[in-house]
A.B. asks: 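Quick one: the structure is below, and I'll ask about it shortly.
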Amino acid sequence: MWYQQELSLAPRSRGFHLITEEVTSALRELREVTVGLLHLQLLHTSASLTLNENADPDVRHDLDAFLRERIPGDLPYFRHTLEGPDDMPAHVCASLLGTQLTLAVRDGKLALGTWQGVWLGEHRERGGARRLIATLQGE
């Protein structure tokens, strides 16, 4: 079977946010798949998706702090600045981390490791609502 759905995520503050439950609860069809793949594609260029630690929120804080230090908004060679000082750094972060994930599905659930969760990386101070296309393939 193939199934595709667009999901809308509420606006979030800059940083990393665990969205695993939000995504899986919106995809009722996921429960019907014994074996398959879920592909998530973020429809934005200033936010990212990544798979990482789902238990300790300090990991999300630390990755955000790491990226903010290494990709500040005041780099003199950035020319794409019309949308504010956080815009070009947001594009750099999105390119480095990526905007897509493909995850295994087993017995109606994401087949994640014990400490893994899906993160939305919001790299703008006010990024607004974010949209995802979720494509589910399986049997």
Side-chain angles (χ1 to χ4, degrees):
M1 67 86 94
W2 283 89
Y3 176 77
Q4 190 172 79
Q5 178 179 338
E6 186 170 313
L7 308 175
S8 183
L9 304 174
R12 288 173 164 82
S13 60
R14 187 171 176 178
F16 288 94
H17 307 276
L18 191 60
I19 62 167
T20 313
E21 180 61 33
E22 188 173 352
V23 169
T24 57
S25 65
L27 294 171
R28 296 180 191 264
E29 289 72 14
L30 185 68
R31 295 168 189 83
E32 300 171 18
V33 176
T34 304
V35 61
L37 296 171
L38 174 63
H39 182 263
L40 300 174
Q41 178 181 343
L42 187 61
L43 301 175
H44 302 275
T45 61
S46 58
S48 63
L49 292 175
T50 191
L51 186 68
N52 212 310
E53 168 78 47
N54 71 354
D56 185 353
D58 285 345
V59 177
R60 293 191 300 275
H61 168 273
D62 292 350
L63 185 55
D64 182 53
F66 176 87
L67 290 171
R68 285 179 191 237
E69 180 181 323
R70 279 150 186 84
I71 312 168
D74 59 355
L75 293 172
Y77 49 82
F78 280 165
R79 297 193 303 194
H80 179 73
T81 60
L82 292 176
E83 296 179 50
D86 66 339
D87 192 37
M88 191 58 218
H91 292 304
V92 173
C93 289
S95 287
L96 291 175
L97 293 170
T99 58
Q100 300 179 53
L101 290 175
T102 301
L103 306 164
V105 176
R106 182 187 313 140
D107 298 326
K109 298 182 281 196
L110 294 180
L112 301 176
T114 303
W115 306 113
Q116 289 182 321
V118 178
W119 292 9
L120 170 71
E122 177 54 71
H123 306 300
R124 299 291 312 267
E125 293 299 332
R126 291 178 220 18
R130 298 299 189 171
R131 295 179 307 131
L132 285 173
I133 290 189
T135 304
L136 182 59
Q137 173 191 13
E139 52 186 49

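Please read these numbers as outputs of a predicted model, since none were measured by experiment.
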A.B. asks: Check whether any side-chain heavy atom of Glu29 sits under 4.5 Å from a side-chain heavy atom of Gln5, and report yes or no.
C.D. replies: yes
A.B. asks: Test side chain to side chain donor-acceptor pair (under 3.5 Å) on His80 and Asp87 and set out the steps.
C.D. replies: CA-CA 8 Å; His80 179 73; Asp87 192 37; 2.5 Å; yes
A.B. asks: How many angstroms lie between CG in Leu49 and CG in Leu132, if you round to the nearest 0.5 Å?
C.D. replies: 5.5 Å
A.B. asks: Can you see which heavy atom on Ala94 is nearest to which on Ala47, and at what distance?
C.D. replies: CB-O, 3.2 Å
A.B. asks: Show, in sequence, the C-alpha distance, side-chain angles and deciding distance for Leu101 and His39, and conclude whether the side-chain contact (heavy atoms from CB on, under 4.5 Å) test is met.
C.D. replies: CA-CA 6 Å; Leu101 290 175; His39 182 263; over 6 Å; no
A.B. asks: Kindly give the heavy-atom pair with the smallest separation between Cys93 and Ile71, and that separation in Å.
C.D. replies: SG-CD1, 3.7 Å
A.B. asks: Could you check Val118 against Leu51 for side-chain contact (heavy atoms from CB on, under 4.5 Å), going step by step and ending with a plain yes or no?
C.D. replies: CA-CA 5 Å; Val118 178; Leu51 186 68; 4.3 Å; yes
A.B. asks: Please find the pair of heavy atoms, one from Ala134 and one from Leu38, that lie closest to each other, and give the distance.
C.D. replies: CB-CD1, 4.0 Å
A.B. asks: Check whether Met88 and Leu75 end up in the same hydrophobic cluster, where Ile, Leu, Val, Met, Phe, Trp and Tyr are linked by side-chain heavy atoms less than 4.5 Å apart.
C.D. replies: yes
A.B. asks: Between Arg124 and Ser13, do the side chains contain an N or O donor and an N or O acceptor separated by less than 3.5 Å?
C.D. replies: no
A.B. asks: Whether the side chain of Glu22 engages the backbone of Ile19 through a donor-acceptor N/O pair (distance < 3.5 Å, no angle test) should be reported.
C.D. replies: no
A.B. asks: What is the distance from atom OG1 of Thr135 to atom CG of Leu37, rounded to the nearest 0.5 Å?
C.D. replies: 11.0 Å
A.B. asks: Salt bridge or not for Glu6 and Arg130, using N-O below 4.0 Å?
C.D. replies: no
A.B. asks: Are Leu136 and Trp2 side-chain neighbours, meaning at least one heavy-atom pair lies under 4.5 Å?
C.D. replies: no
A.B. asks: side-chain contact (heavy atoms from CB on, under 4.5 Å) between Arg68 and Arg14: does it pass, once the steps are laid out?
C.D. replies: CA-CA 10 Å; Arg68 285 179 191 237; Arg14 187 171 176 178; 3.0 Å; yes
A.B. asks: When you compare the side chain of Ile133 with that of Gln4, does any pair of heavy atoms fall below 4.5 Å?
C.D. replies: yes
A.B. asks: Any salt bridge linking Arg12 with Glu122? Criterion: basic side-chain nitrogen under 4.0 Å from a carboxylate oxygen.
C.D. replies: no
A.B. asks: Check this for me: Arg70, atom CZ, are more than 12 non-hydrogen atoms of other residues, nucleotides or ligands nearer than 6.0 Å?
C.D. replies: yes
A.B. asks: Working to the nearest 0.5 Å, report the span between CG of Leu96 and NE2 of His91.
C.D. replies: 13.0 Å
A.B. asks: Do the charged groups of Asp64 and Arg60 touch, with an N to O distance under 4.0 Å?
C.D. replies: no
A.B. asks: Within the 4.5 Å heavy-atom criterion, are Met1 and Glu139 side-chain neighbours or not?
C.D. replies: no
A.B. asks: Looking at every non-hydrogen atom in both residues, tell me the closest pair between Glu69 and Pro72 and how far apart they are.
C.D. replies: O-CD, 3.7 Å
A.B. asks: Hey, could you give me the CD/OG1 distance between Gln137 and Thr102, rounded to the nearest 0.5 Å?
C.D. replies: 10.0 Å
A.B. asks: Side chains of Leu97 and Leu67: closer than 4.5 Å at any heavy-atom pair?
C.D. replies: yes
A.B. asks: Search all heavy atoms of Pro89 against all heavy atoms of Gly73 and return the closest pair with its distance.
C.D. replies: CG-CA, 3.5 Å
A.B. asks: Do Trp119 and Leu103 share a hydrophobic cluster (ILVMFWY, side-chain heavy atoms under 4.5 Å, transitive)?
C.D. replies: no
A.B. asks: Angle class for the Phe16/His123 ring planes (parallel below 30°, perpendicular above 60°, tilted otherwise)?
C.D. replies: perpendicular
A.B. asks: Any side-chain heavy-atom pair from Leu30 and Tyr3 closer than 4.5 angstrom?
C.D. replies: no
A.B. asks: Can you tell if the side chain of Leu120 reaches within under 4.5 Å of the side chain of Leu42, non-hydrogen atoms only?
C.D. replies: yes
A.B. asks: Measure the OG1-NE2 distance between Thr99 and His44 for me, rounded to the nearest 0.5 Å.
C.D. replies: 10.5 Å
A.B. asks: Do other residues, nucleotides or ligands put more than 12 heavy atoms under 6.0 Å from Arg126 CZ?
C.D. replies: no
A.B. asks: With the 4.5 Å side-chain cut-off for hydrophobic clustering, are Val105 and Leu7 part of the same group?
C.D. replies: yes
A.B. asks: Please report the shortest heavy-atom distance between Arg31 and Leu27, naming the atom on each side.
C.D. replies: NH1-O, 3.5 Å
A.B. asks: Do Val23 and Leu112 share a hydrophobic cluster, counting only Ile, Leu, Val, Met, Phe, Trp and Tyr and linking them when any side-chain heavy atoms are less than 4.5 Å apart?
C.D. replies: yes
A.B. asks: Could you check Asn52 against Trp115 for side-chain contact (heavy atoms from CB on, under 4.5 Å), going step by step and ending with a plain yes or no?
C.D. replies: CA-CA 8 Å; Asn52 212 310; Trp115 306 113; over 6 Å; no
A.B. asks: Please round to the nearest 0.5 Å and tell me the distance separating atom CD of Glu53 and atom OG1 of Thr114.
C.D. replies: 10.5 Å
A.B. asks: Please tell me if the side chains of Asn54 and Thr20 come closer than 4.5 Å, counting only heavy atoms from C-beta onward.
C.D. replies: no
